[in-house]
Each structure stands twice: as C-alpha cells, then as structure tokens.
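Take a look at the structure set out below.
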Amino acid sequence: MISQNIATLRNACGLTQEELAARIGVSRQSVAKWESGESAPDLSNASALAQVFGVLLDDLVNHSEDASGFPVPPMGKHIFGVVKMGERGQVVIPKKARDVFDLAPGSELLVLGDEAQGIALQRIEDAEVMLQAYGRAIETRTDASI
C-alpha cells in the first residue's frame, strides 16, 4: 500500500523521484526502493513524505486505492462513500462522517447547491459563523468606501 501511495502521490504532485528525495533529504535510490516495495521508509521519512504530500500519515501508510476506488485524500478531505436517497429524499449520512463532524440525531444541516458543482451539507453552526464573518467583511468594506 505505502509503495503505491508514494508513487501515486509523487506523480500527482508532479515530482520526480530525485525532487522528492531532495525535499526529504534522502537519495533518489531510497525513493525508488520505497515505490517498488523493496523497502519502506522509516517513521521519520514517512512523516516527512506525508507532510510533503499534504496527507495524513495513517493514510499514506494504510490507504488502499484498490479497495476504496480513490487515491489517498488530501489532509482534512474525506470521501465517506456512496449513499442512496430514499423515496422521500432522505439520506443516511455514513457513521464515519457523523463522527468526524460531530453530528447526532437532531443536528441541523444547511443544504447548499451549485448546479455546476453539486450539493453540499454544512452544519448550521458553521454556516452561522461563516455568514457572520461575511457580514463583518461587508460592513468593513462599506465603511471603508464612505
């Protein structure tokens, strides 16, 4: 898993093995061995790789693109899986998503939509904070133009 993830992420970042090696302070041969599965990076180098790629160390080491159908997600980004909408429009949010976003029965979600990009759900508390910040930014902008 880690060998495939290193190769996939390096290519996605547009880095050569030599460029990646220089960023974390190892030889190009080390990177080549990690990608071929001949050896694995030690914890320090694996941590440096995760930082360069902007992914969680656990995802770098354990994520399986073959099993999940998608590459290692960027840090803080999630793909929780596919849900099916019921006849009345209800959707069950996957448990991992509920845990990550601290959702419980009765949680209020704002449904956002962009015809070009799709639908998104946002906790109402987060939407309120965002809208308050937006309002302050507009006020500041208006005050500055007076």
Side-chain angles (χ1 to χ4, degrees), residues 1-86 88-141:
M1 280 183 275
I2 191 170
S3 60
Q4 179 184 356
N5 292 339
I6 294 169
T8 300
L9 290 165
R10 179 182 58 77
N11 286 318
C13 290
L15 298 171
T16 65
Q17 288 181 340
E18 193 168 309
E19 290 168 333
L20 178 58
R23 285 197 184 184
I24 62 171
V26 298
S27 68
R28 184 205 58 79
Q29 292 82 357
S30 292
V31 173
K33 287 180 179 181
W34 298 339
E35 289 184 2
S36 71
E38 190 177 325
S39 68
D42 63 19
L43 185 56
S44 175
N45 287 326
S47 179
L49 287 166
Q51 198 167 28
V52 166
F53 296 139
V55 300
L56 294 172
L57 179 58
D58 184 56
D59 285 339
L60 176 68
V61 174
N62 295 313
H63 182 83
S64 171
E65 185 172 343
D66 294 336
S68 66
F70 55 87
V72 177
M75 196 175 309
K77 308 292 182 191
H78 306 273
I79 298 177
F80 295 111
V82 176
V83 297
K84 191 178 280 191
M85 186 168 30
R88 295 180 41 208
Q90 66 273 47
V91 174
V92 176
I93 298 173
K95 180 176 181 351
K96 185 174 178 186
R98 294 190 314 261
D99 292 345
V100 167
F101 293 102
D102 194 27
L103 300 174
S107 293
E108 293 183 298
L109 302 173
L110 177 64
V111 179
L112 305 169
D114 180 320
E115 291 182 11
Q117 295 184 10
I119 296 173
L121 300 175
Q122 185 174 27
R123 291 183 326 153
I124 196 72
E125 299 89 2
D126 296 335
E128 289 170 346
V129 170
M130 180 186 72
L131 289 171
Q132 288 170 356
Y134 178 73
R136 286 191 302 272
I138 295 297
E139 287 174 13
T140 303
R141 190 171 171 199

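Keep in mind it's a predicted model, so treat the numbers as computed, not measured.
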Exercise. Atom CG of Asn5 and atom OG of Ser64: how far apart are they, to the nearest 0.5 Å?
Worked result: 8.0 Å
For this session: Would you check if Thr8 and Val72 make a side-chain contact, meaning some heavy-atom pair closer than 4.5 Å?
Result: no
Exercise. Can you check whether Asp59 reaches Pro73 side chain to side chain, under 4.5 Å on heavy atoms?
Worked result: yes
Exercise. Looking at side-chain heavy atoms only, is the closest gap between Leu15 and Leu20 below 4.5 Å?
Worked result: yes
Exercise. Does Glu18 CD have over 12 foreign heavy atoms under 6.0 Å away?
Worked result: no
Exercise. Rounded to the nearest 0.5 Å, how far apart are CG of Leu109 and CG of Leu121?
Worked result: 5.5 Å
Problem set entry | Glu35 vs Gln17 side-chain heavy atoms within contact, under 4.5 Å | yes
Exercise. Under the salt bridge (charged side-chain N to carboxylate O under 4.0 Å, His left out) test, which residues partner Lys95, sequence neighbours left out?
Worked result: Asp99
Problem set entry | Pro41 and Ile6, any side-chain heavy atoms less than 4.5 Å apart | yes
Exercise. Does the side chain to side chain contact (heavy atoms under 4.5 Å, CB included) test come out yes or no for Ser3 and Trp34, once each step is laid out?
Worked result: CA-CA 5 Å; Ser3 60; Trp34 298 339; over 6 Å; no
Seminar exercise, completed: Contacts of Asp58 meeting side chain to side chain donor-acceptor pair (under 3.5 Å) (sequence neighbours excluded), chain-then-number -> Asn62
For this session: Evaluate the side-chain proximity of Met1 to Val61: yes if any heavy-atom separation is below 4.5 Å, no if none is.
Result: no
Exercise. Is the closest side-chain heavy-atom distance between Ile119 and Leu112 below 4.5 Å?
Worked result: no
For this session: Mind jotting down which residue pairs meet the side chain to side chain donor-acceptor pair (under 3.5 Å) criterion with at least one end in residues 103-124? Sequence neighbours excluded, please.
Result: Arg123-Asp126
For this session: Kindly give the heavy-atom pair with the smallest separation between Leu103 and Ile93, and that separation in Å.
Result: CD1-CD1, 4.3 Å
Please tabulate, for the side chains in residues 45-53, all donor-acceptor contacts under 3.5 angstrom to protein atoms that are two or more places apart in sequence or on a different chain.
from  : atom 1 : to    : atom 2 : distance (Å)
Asn45 : ND2    : Asp42 : OD1    : 3.3

For this session: Calculate, to the nearest 0.5 Å, the distance between atoms CZ and NZ belonging to Phe101 and Lys96 respectively.
Result: 10.5 Å
Exercise. Excluding sequence neighbours, so at least two apart, what forms side chain to side chain donor-acceptor pair (under 3.5 Å) with Arg98?
Worked result: none
For this session: Please identify each residue that fulfils side-chain contact (heavy atoms from CB on, under 4.5 Å) with Pro74, with sequence neighbours left out.
Result: Lys77
Exercise. When you measure from the side chain of Glu19 to the backbone N and O of Thr16, does any donor-acceptor pair fall under 3.5 Å?
Worked result: yes
